[in-house]
Protein chains: 2
Amino acid sequence: MAGAAERGPRERMVFSAAQLIRREGVGATGMREVAARAGAPRGSLQHYFPGGKEQLVNEAVGWAGRYAGNRVARFLAALPEPTPSGLFAEMVRQWTDEYEAEGFDGGCPVAAATVDRARAADSTRQAAEDAFARWTGAVAAALTDMGVPGERARPLATLMISSLEGALLIARAERSVRALTTAVRELGPLLDAAVAPAAPGGTAGG
Amino acid sequence: MAGAAERGPRERMVFSAAQLIRREGVGATGMREVAARAGAPRGSLQHYFPGGKEQLVNEAVGWAGRYAGNRVARFLAALPEPTPSGLFAEMVRQWTDEYEAEGFDGGCPVAAATVDRARAADSTRQAAEDAFARWTGAVAAALTDMGVPGERARPLATLMISSLEGALLIARAERSVRALTTAVRELGPLLDAAVAPAAPGGTAGG
DNA sequence: TCAGCACTATGACGGCTGTCATAGTAGCGG
DNA sequence: CCGCTACTATGACAGCCGTCATAGTGCTGA
């Protein structure tokens, strides 16, 4: 997750909150440190986020959801010939690149918020739901553009994101990208098989 | 995750720690509450867990890994005719049953420990790695017993667990079992296709 | 009876948390 | 100069945290 040249201090705080959350979890992320890392004064916290930590966390999660959704479109544009497996490989590669370059410290902030706050703060749970929905929607739209039938697009997008999120957990625990590359390799053919209605042979039913 | 009649107070504390962690996350789980929910005296904490919270969390994660591994064998025995998709469906059903009966408060304690402590406490990260390894090993062994070629068993087991873990996150965020049932439906055929070396036709390339 | 051990009981400590209260500064229109 | 608004700056607060120190209980064995 890049983004060094954020606009105002408010945006920088949301961004640094997301960064901290995905590394340390929500509970271990302190407001004071969020402000410090953003180069923002501590007093601005209560000014920009009168709803307190809950609001800050929710906005960080929303930011992550928007970021993930936007990345999908960019991946699509970068692919020479767009295929579902190619898109998935790009989504995963973003993570393997980070892990190999910077180590396995970071995870997905939406996952962290879900694990830490889904039960305690319903507004945060809702923010996570929205983030997943936006992300899934972007992936499903991309699949549809590639020729995946409309009814299959959303389930497959959900499967892609599920597998990615789970593989991220395992990768962090193992300090290895194995689970991530495994997901790409095993899921790729399944994804591409959903494209063609005019393929030679084709899968029965439907 | 059942287990009401635990033996001693020590085991009860480990169990209640796992329960609390999977609901609230590691950070929001307090030692005092762990003891209280276990019906154990607070003073026993420093007696049984001189390594402090870190040790308690690690043992809770280890317990969860053993539990998940053991469940696999029991699922296998319960299936009339064992198939990979049947095993996966059973693994997922354990969660959908819980969610429909008790709500979406709980997640996987190994996932929670990874998100909250993978960076801060390496011994906990290691415990999570071991838990995933044990779980994956059990699933891979089951797949092998079903006729899945040895080289494919572990990748597929990893994919199953990745998808399950990710779908759990989405399910909690959405308060819906949709992502879980989607994973079963979409992944099932892929898993079963890995069984037969003597299937009619078969997939090319290999 | 006394030691020795496993376990329990309780109070205190320092540290960090999120939040609030209060005051201060900068820029702007008039 | 004023007032007004946006933002900053600190200090204090109560609360919870994990941990430690210390003492107490009850059983075992000699």
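To find a chain, count down the sequence lines: A is the first, B the second, and so on, and within it residues start at 1.
- As rounded to whole Å, 13 Å separates atom C1' of C:dT10 from atom CG of B:Leu45.
- Note: CE (B:Met31) to P (C:dG15) measures 19 Å, nearest angstrom.
- Atom pair B:His47:NE2 and D:dT25:P shows a separation of 18 Å (rounding to whole Å applied).
- The side chain to side chain donor-acceptor pair (under 3.5 Å) test with A:Thr124 singles out one residue from A:Thr114, A:Asp116, A:Asn58, and that residue is A:Asn58.
- Note: CG (B:Asn58) to P (D:dG18) measures 15 Å, nearest angstrom.
- In this structure, A:Gln46 and B:Gly27 both approach DNA chain D, and ranking their closest nucleotides by distance from the 5' end singles out A:Gln46.
- Checking D:dG18, C:dT8, D:dT8 against the side-chain heavy atoms of B:Arg32 singles out D:dG18 as nearest.
- Nucleotide D:dG18 holds its P atom 10 Å from the CG atom of B:Leu20, rounded to whole Å.
- Between the side chains of A:Glu90 and A:Gln94, no donor N or O sits under 3.5 Å from an acceptor N or O.
- With sequence neighbours left out, the salt bridge (charged side-chain N to carboxylate O under 4.0 Å, His left out) criterion links B:Arg66 to no other residue.
- Of the candidate nucleotides D:dT8, D:dG18, C:dC7, D:dG18 has the atom lying nearest to any side-chain atom of B:Lys53.
- Straight-line distance from the CD atom of A:Glu54 to the P atom of C:dT17: 19 Å, rounded to whole Å.
- B:Glu33 places its CD atom 10 Å from the P atom of D:dG18, with the value rounded to the nearest Å.
- Among the nucleotides C:dG18, C:dC20, D:dT8, the one closest to any side-chain atom of A:Arg42 is C:dC20.
- Rounded to a whole Å, the CZ atom of B:Arg10 is 14 Å from the P atom of C:dA6.
- Using cut-offs of 30° and 60° for the angle between ring planes, the A:Tyr99 and A:Trp95 rings count as tilted.
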